[in-house]
Amino acid sequence: MKIYNPISGQKEEFVPGGDEVKMYVCGVTPYDSCHIGHAMSYVIFDVVHRYLEFRGYKVRHVQNFTDIDDKIIARANALGIPAEELSERFIEEYFEDMDALNIKRADIYPRATEEVPDIIGMVQGLIEKGHAYEVSGDVYFRVCSTDSYGKLSHRDLDEMSAGARVEVDQAKECPLDFALWKAAKHGEPSWESPWGGGRPGWHIECSVMSLKYLGDTLDIHGGGQDLIFPHHENEIAQSEAFTGSVPFVKYWMHNGLLQLGQDKMSKSLGNLITVRELLQRFSADAFRLFVLSSYYRSPLTYSDEGLEAMERGVERLRRAARVSGQWSGVRDQGAEGLPTANRPPTADYRQRFVEAMDDDFNTAQAVAILFDLAREINRAREEGATITEAQGTLRELAGVLGLLIAEEDRRFAAEPFVELLVNVRADLRAAKQWHLADMIRARLGHLGVTLEDTPIGTVWQYKLR
RNA sequence: GGCGACGUGGCCAAGUGGUUAAGGCGGGGGUCUGCAAAACCCCUAUUCGGCGGUUCGAAUCCGCCCGUCGCCUCCA
């Protein structure tokens, strides 16, 4: 397997540090609903997680919640509720949304507010080592005390200082120094510390949590490209300064950002679509396919047309993967008695899929291979060959990408009644009662059941949505 | 202003030195069919933003130009 390393700018062979792949993905600040930009990122890392397991790795996946920061405080104050009530509400919503998108849970979801003692410990350690200093209750990281600051974002300290747009805080030794600990302002939630009441800065929690739950060196650290600077750059600086273990992260993975029309979708611009809004209009599979149809590092522009196209594509895969039991036609000659020759060469597709995914998670290629396999299955089905094995492969590989078509085997209480109507309609058709037959098909269609007449009988299924 | 990414058919999007430039959506034609739907087959880029250069050979490497976008401030 190869993974692109943004520090070297090259794809590099993936060699995890131990038996278990240690994976850390930056989580959300729960002060508002998740939008589809978040969804894109978590779909991508979900596939990374699933694929690593498919390749036989054990994965330990940690993802944080930044449940204390300026925006949470501001929003909670505006609503007149405690900060923790607000964050709790949106953490719950986060899980609902991600479940709806079929995103596997991480192993651990630490929260900043529950890691404060460790955060204080790390800040203290950094001060002792000369990498941080306190100024009237605030603690800053001393960027100049490191020699490799900027290696991830390819920035030069001098250039940044020269062109800095940031207002220089006189308290800081150096404009780029960043807060590890913030003194509490009036009425803010705060924790006791050696520097007085305060709360953690933004970057420190990720370092603390990853060190605590995964160790000094992470195999994979993921997040959106907007986190490269300053967030991840600062994480590297403080983590490596604290542990002395370099590198802090072996493979950084940054997904491209989702655009909406002209601009990046973001909370501050207000041009966003929430996960809930999306799922009212499109299936989770359609969104997933949309995301996976391009390279994770490329930016992607959302469009309704794009999602509609994916919805049709999903349907195509789903039909090919549909098990023969769901071909419940009355005159079903089914899988029984079909010749076993000319089975689709399943192993080829699996191998091509693995080659594609091994190449820095080339999901676009992998998706193309799924469509190739679907065509092969349909062709073989028409020729009367046995397709169960090929369908099994299709469902398995689709499952590696987290597509729900893999789990299409629902049994509903309505099934016998649908069967009955399908049977009645078959007799009507035999009697050339087209009018009644069409009416049944149309009425079932309105109820969410589609009927298709094929040479081997009538096939029915529930519509996806 | 600094750093970085990208520009491939009607749309989306792989490919990054060498046989016919993946795949999806859309469009056209055909097969099947009571109709419909699905499926299958064929067609839909002599060409990869433009101009030069390197090479036996470039969409793929280099230079310049044009265009789009992101980051540099909270952000997946």
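Chain letters run A, B, ... following the sequence lines, proteins first, then strands; residues in each count from 1. Only heavy atoms go into these numbers, but all of them, side chains included; no hydrogens, no water, no symmetry mates.
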- Nearest-Å distance once atom C1' is located in both rA13(B) and rU8(B): 9 Å

- Query: Side chain of Ala309(A): nearest nucleotide among rC71(B), rC25(B), rA14(B)?
  - Reply: rC25(B)

- Query: Is rU16(B) paired to anything, Watson-Crick or G-U wobble with both distances less than 3.5 Å, and if yes, which nucleotide?
  - Reply: none

- Using both distances under 3.5 Å as the test, list the Watson-Crick or G-U wobble partner of rA45(B), or none. none

- N/O donor-acceptor pair, side chain Arg312(A) with base rG24(B), under 3.5 angstrom: no

- Using a cut-off of strictly less than 4.0 Å, decide whether Arg381(A) has a side-chain nitrogen or oxygen near OP1 or OP2 of rA38(B). no

- Item | Candidates rA76(B), rG70(B), rA14(B) - which lies nearest the side chain of His35(A) | rA76(B)

- Item | Derivation of the side-chain hydrogen bond (donor to acceptor under 3.5 Å, both in side chains) call for Thr29(A) and Asp69(A) | CA-CA 8 Å; Thr29(A) 301; Asp69(A) 94 329; 4.5 Å; no

- OP1, OP2 of rA38(B) versus side-chain N and O of Asn378(A): anything below 4.0 Å? no

- Message: Under 4.0 Å, counting only non-hydrogen atoms across every strand here, what does Phe45(A) touch: a base, just sugar-phosphate, or nothing?
- Response: nothing

- Message: Just by distance, no angles: are the side chains of Ser153(A) and Arg155(A) close enough, under 3.5 Å, to form a donor-acceptor pair?
- Response: yes

- Message: For Leu227(A) and Arg429(A), find the nucleotide of RNA chain B closest to each by heavy atoms; which residue's nucleotide sits nearer the 5' end?
- Response: Arg429(A)

- Spacing of the C1' atoms in rG27(B) and rG10(B) (rounded, Å): 8 Å

- Contact class for Arg297(A) vs. all strands (heavy atom < 4.0 Å): base, sugar-phosphate, or nothing? nothing

- Message: Taking only the P atom of each, what is the distance from rA21(B) to rC48(B) in whole angstrom?
- Response: 12 Å

- Task: Report the nucleotide, chosen from rC74(B), rA13(B), rC41(B), that has the shortest atom-to-atom distance to any side-chain atom of Lys71(A).
- Result: rC74(B)

- Item | Distance, rounded to the nearest Å, where His221(A) contributes NE2 and rA76(B) contributes P | 12 Å

- Whether Glu233(A) side chain and Leu152(A) backbone form a donor-acceptor pair below 3.5 Å: yes

- Message: By the 4.0 Å heavy-atom rule, please label Gly306(A) as base, sugar-phosphate, or nothing.
- Response: nothing

- Touch check for Gly222(A), heavy atoms < 4.0 angstrom, all strands: base, sugar-phosphate only, or nothing? nothing

- Item | rC69(B) to rA38(B) separation - P atoms, rounded to the nearest Å | 38 Å

- Rounded to the nearest Å, what distance is computed from the CD atom of residue Glu452(A) to the P atom of nucleotide rC40(B)? 12 Å

- Message: Ignoring hydrogens and geometry beyond distance, is the side chain of Asp438(A) in donor-acceptor contact with the base of rG34(B) at under 3.5 Å?
- Response: yes

- Message: Using a 5.5 Å cut-off between ring centres and planes within 30 degrees, is Trp434(A) stacked on the base of rG34(B)?
- Response: yes

- Any-strand Watson-Crick or G-U partner of rG57(B), both distances under 3.5 Å: none

- Item | Minimum side-chain heavy-atom gap Val28(A)-Thr66(A) below 4.5 Å | no

- Among the nucleotides rC69(B), rC25(B), rA13(B), which one has an atom lying closest to any side-chain atom of Ser294(A)? rA13(B)

- Item | Nearest-nucleotide pick for Arg155(A), side chain only, options being rA76(B), rC41(B), rC72(B) | rC72(B)

- Ring geometry between Trp252(A) and His254(A) (parallel below 30°, tilted from 30 to 60°, perpendicular above 60°): parallel

- Task: Could you check how far CG of Asp359(A) sits from C1' of rA14(B), rounded to whole Å?
- Result: 11 Å

- With P as the reference atom in both, quote the distance from rG17(B) to rG53(B) in angstrom, rounded to an integer. 23 Å

- Message: Regarding Gln225(A), tell me which of base, sugar-phosphate or nothing describes its non-hydrogen contacts under 4.0 Å with the strands shown.
- Response: nothing

- Could you check how far CG of Leu444(A) sits from P of rA36(B), rounded to whole Å? 19 Å

- Message: I'd like the C1' distance from rA14(B) over to rU60(B), given in whole Å.
- Response: 13 Å

- Would you call Asn378(A) and Arg319(A) a side-chain contact if the rule is heavy atoms closer than 4.5 Å? no

- Query: For Leu451(A), does its backbone N or O pair with a side-chain atom of Arg441(A) as donor and acceptor, under 3.5 Å?
  - Reply: no

- Message: Both Phe290(A) and Asp453(A) contact RNA chain B. Which one's nearest nucleotide lies toward the 5' end?
- Response: Phe290(A)

- Message: Side-chain N or O of Arg375(A) versus OP1/OP2 of rA39(B): is the shortest distance under 4.0 Å?
- Response: no

- In Watson-Crick or G-U wobble terms, with both distances under 3.5 Å, the base opposite rC69(B) is rG4(B)

- Pairwise C1' distance for rU47(B) and rA58(B), with rounding to whole Å: 13 Å

- Task: Indicate the ring-plane relationship of Tyr302(A) and Phe282(A), choosing parallel, tilted or perpendicular according to the 30° and 60° boundaries.
- Result: perpendicular

- From the list rC40(B), rC69(B), rG23(B), which nucleotide is the closest neighbour of the side chain of Arg379(A)? rC40(B)

- Query: Taking atom P in both rC51(B) and rC72(B), what distance in whole Å separates the two?
  - Reply: 36 Å

- Message: Just the rounded figure in Å: distance from P of rC74(B) to CG of Asp32(A).
- Response: 19 Å

- Which of these nucleotides, rC35(B), rG24(B), rA14(B), is closest to any side-chain atom of Arg441(A)? rC35(B)

- Query: Side chain of Arg425(A): nearest nucleotide among rG34(B), rA39(B), rA22(B)?
  - Reply: rG34(B)

